[in-house]
Amino acid sequence: MKIINFNQSNSLFNQFLSEIRDVHVQGDRIRFRRNIERVGEIMAYEISRTLPYHPVSIQTPLATAVENVPSEQPVVATILRAGLPLHQGFINYFDHAENAFVSAYRKYINEDNFDIHIEYIASPRLDGKILILTDPMLATGSSMELAYEALLTKGEPSHIHIASVIASRQAIEHIKKVFPAEKTTVWCGAIDPELNAHSYIVPGLGDAGDLCYGEKK
């Protein structure tokens, strides 16, 4: 399994990530969502470099040009609701992609313990297709695992790309155990060292869904 950590090299990506984390910037909700979207756009571009391509002839006003274009489009899937801005960044670039949506939420047993519940799935057939699974935060990895299991009811993808703004080391280890290593690639903006008692990533960025759309009650 290949793990790509964008934070290990210097690029404009780091500027967007620093603003996403910054408590003094996060209050600007539209800016927070747009920065998440930008992360999705950069990741989409990088993933596009791994796709199969084929040449096509294009008629310009003056002559014929040959350009290489993707031989297939991925299915871009997201976990609601926090994943929506990241998903939007991906489909800004993969504008011919099919889309899938899964709802996953934490159902708390008490203050510190919860189960992950899946309530909704809308997806095209996935047999033999490239699947991009987006979720801004990979905390424990359980939501991603259950979302993938739900999507498998729609078919077996040829390759899985997992895209996240921030992941914990614990989540990365979990993903390595439960996803097929030979056909999974993980793309992370950063990999943070730990989870707190409430299973939030530290230092992380807080609750991505609340920062995007407001607190839930």
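- Under the 3.5 Å distance criterion, the side-chain polar atoms of S57 are left unmatched by any main-chain donor or acceptor of V66.
- Between H161 and H159, the two ring planes are tilted [angle within 30° to 60°].
- Enclosure of atom NE2 in H54 by more than 12 non-hydrogen atoms of other residues, nucleotides or ligands within 6.0 angstrom is indicated.
- A donor-acceptor pair under 3.5 Å is formed between the side chain of T134 and the backbone N or O of A77.
- Between the side chain of R21 and the main chain of G204, a donor-acceptor pair closer than 3.5 Å is present.
- Checked by atom type and distance alone, the side chain of T184 never pairs as donor or acceptor with a backbone atom of M1 at under 3.5 Å.
- One N or O on the side chain of K183 and one on the backbone of P157 form a donor-acceptor pair closer than 3.5 Å.
- Looking at R49 and E46, a side-chain N of the basic residue comes within less than 4.0 Å of a carboxylate O on the acidic one, giving a salt bridge.
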Worked verdict on E37 versus R34 for salt bridge (Lys or Arg N to Asp or Glu O under 4.0 Å) | CA-CA 5 Å; E37 194 175 323; R34 178 59 186 134; 3.3 Å; yes
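- T64 places no side-chain N or O within donor-acceptor distance of the main-chain N or O of I58, the cut-off being under 3.5 Å.
- Rounding to the nearest 0.5 Å places CG of N14 at 10.0 Å from CZ of F16.
- The main-chain N or O of P74 is never found under 3.5 Å from a side-chain atom of E98 such that the two would form a donor-acceptor pair.
- The one candidate from L211, L205, D210 that meets the side-chain contact (heavy atoms from CB on, under 4.5 Å) condition with D207 is D210.
- Shown here for G189 and L17, the closest heavy-atom pair between the two residues is O-CD2, 3.7 Å.
- A donor-acceptor pair under 3.5 Å is absent between the side-chain atoms of T78 and the main chain of F101, judged by distance alone.
- In terms of modelled atom types and a separation under 3.5 Å, the side chain of D192 and the main chain of S168 share no donor-acceptor contact.
- Of all non-hydrogen atoms in I79 and S143, the two that sit nearest each other are CD1-O, 3.8 Å.
- Counted within 6.0 Å of CZ on R125, heavy atoms from surrounding residues, nucleotides or ligands total more than 12; the atom is thus considered enclosed.
- Closest approach of A208 to F32, counting heavy atoms only: O-CE2, 3.8 Å.
- Each of L51, V75, V76, I160 was checked for a side-chain contact (heavy atoms from CB on, under 4.5 Å) with I130, and the lone residue meeting it is L51.
- Of the possible donor and acceptor atoms, one in the side chain of S103 sits under 3.5 Å from a partner among the backbone N and O of Y120.
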